[in-house]
Protein chains: 2
Amino acid sequence: MQMGEGVEWGLHCLVALAWLDDHAPVATGRLAEIFDLPPEYLKKRLQPLVRTGILTSTPGARGGYSLARRPEEITLMDVVAAVEGRDEAFRCTEIRQQGAGTLAAPTEFGDACGVARAMRRAETAWRRELAAQTVADVMGMAPPGAPVRMRRFYQDITL
Amino acid sequence: MQMGEGVEWGLHCLVALAWLDDHAPVATGRLAEIFDLPPEYLKKRLQPLVRTGILTSTPGARGGYSLARRPEEITLMDVVAAVEGRDEAFRCTEIRQQGAGTLAAPTEFGDACGVARAMRRAETAWRRELAAQTVADVMGMAPPGAPVRMRRFYQDITL
DNA sequence: GCGCGATTACTCGGATACGAAATGTCCGAGTGGATCTGG
DNA sequence: CCAGATCCACTCGGACATTTCGTATCCGAGTAATCGCGC
């Protein structure tokens with residue numbers, strides 16, 4: 001089980017956009033320079049964030065991406081759901097109904113099987129923790145010098 | 001982010017082995033019949049459980065797999081770690097040190113970055129829930145008729 | 001009838017193909033500013 | 001010198017290759033029961 005790099009990239013970009021909040025869109029090329037990432041691929045990874053309403057995209061010259069809402073209102077759950085999809089990591093294929101299960105009364109399958117329930121319970125805890133943390137919280141964990149350094153860096157590459 | 005089917009198969013097989021606990025090994029072919037799964041592929045999926053000491057394999061005729069320890073002592077965390085690997089789903093690639101981060105003092109990177117800490121916190125909650133549940137707990141969630149039906153089915157296919 | 005050995009059938013384990021999904025790249029649609037022209 | 005229209009550079013969005021990982025299959029090593037043979 002492996003999570004794609006889109007979540008890491010997306011979260012860092014969201015934090016960066018929040019820090020250099022000059023109300024002007026930031027192009028993917030600039031964001032890619034900030035983290036030294038492949039620009040075209042980063043763009044592809046940010047598009048899901050636009051579809052789900054986390055980012056706002058401005059086409060045309062001087063265009064780019066902006067935060068669609070305040071950092072305190074963007075949870076990590078939102079970002080993970082947007083990038084990695086909404087369906088659960090563990091998907092129950094109901095193999096209990098196969099083989100030996102074909103002999104059981106259908107009423108036995110009224111509630112979800114124990115395996116799925118146990119896995120879902122763990123995954124719910126994961127989602128709960130993700131939903132409890134916002135981009136603003138992540139910003140608060142950064143060292144104090146990081147925001148100003150980011151603004152300076154951005155000014156340098158936009159010259 | 002998608003979890004492989006090995007976890008589901010492995011857990012169901014562990015429960016089945018615990019139910020028909022006649023202290024005799026069960027071959028993968030029989031386990032595959034119980035859940036109507038591809039036998040060869042199921043075998044490949046159970047091998048990690050042997051390597052990590054959850055299952056015991058008996059080679060030769062009348063061989064097969066047996067539980068290496070009691071169901072109460074097999075946590076879901078053990079199974080997930082064995083099948084899906086031990087490394088975390090979210091892997092921090094330290095992109096904060098790239099680009100704009102190259103200008104920062106190395107002392108700023110003493111503790112993990114906020115993104116990684118936030119994701120790790122959620123994943124820890126997930127692992128904690130997995131470690132808190134055992135195969136025995138999953139067995140307890142099954143309908144009462146399931147164990148006897150499984151034993152009957154196994155007797156029929158071993159004739 | 002009984003003990004011993006070779007044979008045989010059955011099992012796990014790892015090495016080998018196949019397919020799907022993630023990764024990475026490209027071109028087209030659209031927008032805003034800059035430039036050029038005419039008054 | 002100024003207003004307007006045109007042109008151009010820059011951006012996002014989705015369609016198109018490439019690589020990696022998960023899925024599926026096969027063959028070889030090893031074991032235990034079975035069968036046959038000799039005593």
Side-chain angles (χ1 to χ4, degrees), chain A residues 1-10 13 17 24-33 35-68 80 82-85 87 89-91 93 95 157-159, chain B residues 1-10 13 17 24-33 35-68 80 82-85 87 89-91 93 95 157-159:
Chain A
M1 199 194 51
Q2 191 83 5
M3 180 173 292
E5 47 206 358
V7 173
E8 184 185 15
W9 295 7
C13 287
L17 283 172
V26 179
T28 52
R30 306 295 142 75
L31 282 171
E33 286 185 69
F35 298 110
D36 195 24
L37 297 174
E40 291 299 313
Y41 190 38
L42 175 61
K43 177 157 60 79
K44 183 182 183 64
R45 286 304 217 176
L46 293 182
Q47 284 172 3
L49 297 177
V50 177
R51 291 198 201 94
T52 52
I54 297 174
L55 286 180
T56 303
S57 69
T58 308
R62 305 292 170 124
Y65 294 103
S66 320
L67 293 181
V80 171
V83 176
E84 295 288 330
D87 29 336
F90 179 88
R91 49 174 179 170
T93 61
I95 63 175
I157 63 179
T158 48
L159 289 181
Chain B
M1 197 194 53
Q2 190 81 7
M3 180 174 291
E5 48 204 357
V7 172
E8 183 185 14
W9 295 6
C13 286
L17 284 172
V26 178
T28 52
R30 309 294 143 74
L31 282 171
E33 284 186 69
F35 298 109
D36 195 24
L37 297 174
E40 292 299 314
Y41 189 38
L42 175 62
K43 178 157 60 77
K44 184 182 182 63
R45 286 305 217 175
L46 293 181
Q47 283 174 4
L49 297 178
V50 177
R51 289 197 202 96
T52 53
I54 296 174
L55 286 180
T56 303
S57 67
T58 307
R62 307 291 171 122
Y65 294 102
S66 320
L67 293 181
V80 172
V83 176
E84 295 288 331
D87 29 336
F90 179 88
R91 49 173 178 168
T93 60
I95 63 175
I157 64 179
T158 48
L159 288 180

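Reminder, nothing fancy here: chain letters follow the sequence lines and each chain counts from 1.
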Which donor-acceptor pairs under 3.5 Å do the side chains of residues 40-54 of chain B make with protein atoms, sequence neighbours left out?
residue	atom	partner	partner atom	Å
B:Tyr41	OH	B:Arg45	NE	3.3
B:Tyr41	OH	B:Arg45	NH2	3.4
B:Thr52	OG1	B:Pro48	O	3.0
B:Thr52	OG1	B:Leu49	O	3.4

Note to self: By the 4.0 Å heavy-atom rule, please label B:Gln2 as base, sugar-phosphate, or nothing.
What the structure shows: nothing
Notebook entry, point to check: If we only count heavy atoms from C-beta on, is the A:Met1 to B:Val83 side-chain gap below 4.5 Å?
Noted result: no
Next item on the list: Check the distance between C:dA21's C1' and A:Met3's CE and give it to me in whole angstrom.
Entry: 16 Å
Margin query: So which atom in B:Arg91 and which in A:Glu8 form the shortest heavy-atom distance, rounded to 0.1 Å?
Written below: O-OE1, 3.6 Å
Note to self: Side chains of B:Tyr65 and B:Pro25, heavy atoms from C-beta outward: is any pair under 4.5 Å?
What the structure shows: no
Next item on the list: Specify the closest pair of heavy atoms between A:Ala32 and A:Pro38, including all atoms of both residues, with the distance to one decimal.
Entry: CB-C, 4.5 Å
Next item on the list: Check the distance between C:dG24's P and A:Glu40's CD and give it to me in whole angstrom.
Entry: 13 Å
Margin query: For DNA chain D, which residues of residues 44-63 of chain B approach it to below 4.0 angstrom with any heavy atom?
Written below: B:Lys44, B:Arg45, B:Gly60, B:Ala61
Notebook entry, point to check: Under a criterion of less than 4.0 angstrom to any heavy atom of chain A, what are the 5'-terminal and 3'-terminal contacting nucleotides of DNA chain D?
Noted result: D:dC10 to D:dA15
Checklist line | Exam field: side chain A:Glu33 to backbone A:Ile157, donor-acceptor pair closer than 3.5 Å | finding: no
Check: For A:Leu42 and C:dA22, what is the distance between atoms CG and P respectively, to the nearest whole Å?
Finding: 18 Å
Item checked: Any residue meeting side-chain contact (heavy atoms from CB on, under 4.5 Å) with B:Thr56, in chain and number order, not counting sequence neighbours -> B:Ala68
Notebook entry, point to check: How would you list, by chain and number, every residue that makes a ring pair (Phe, Tyr, Trp, His ring centres under 6.0 Å) with B:Phe90, sequence neighbours excluded?
Noted result: none
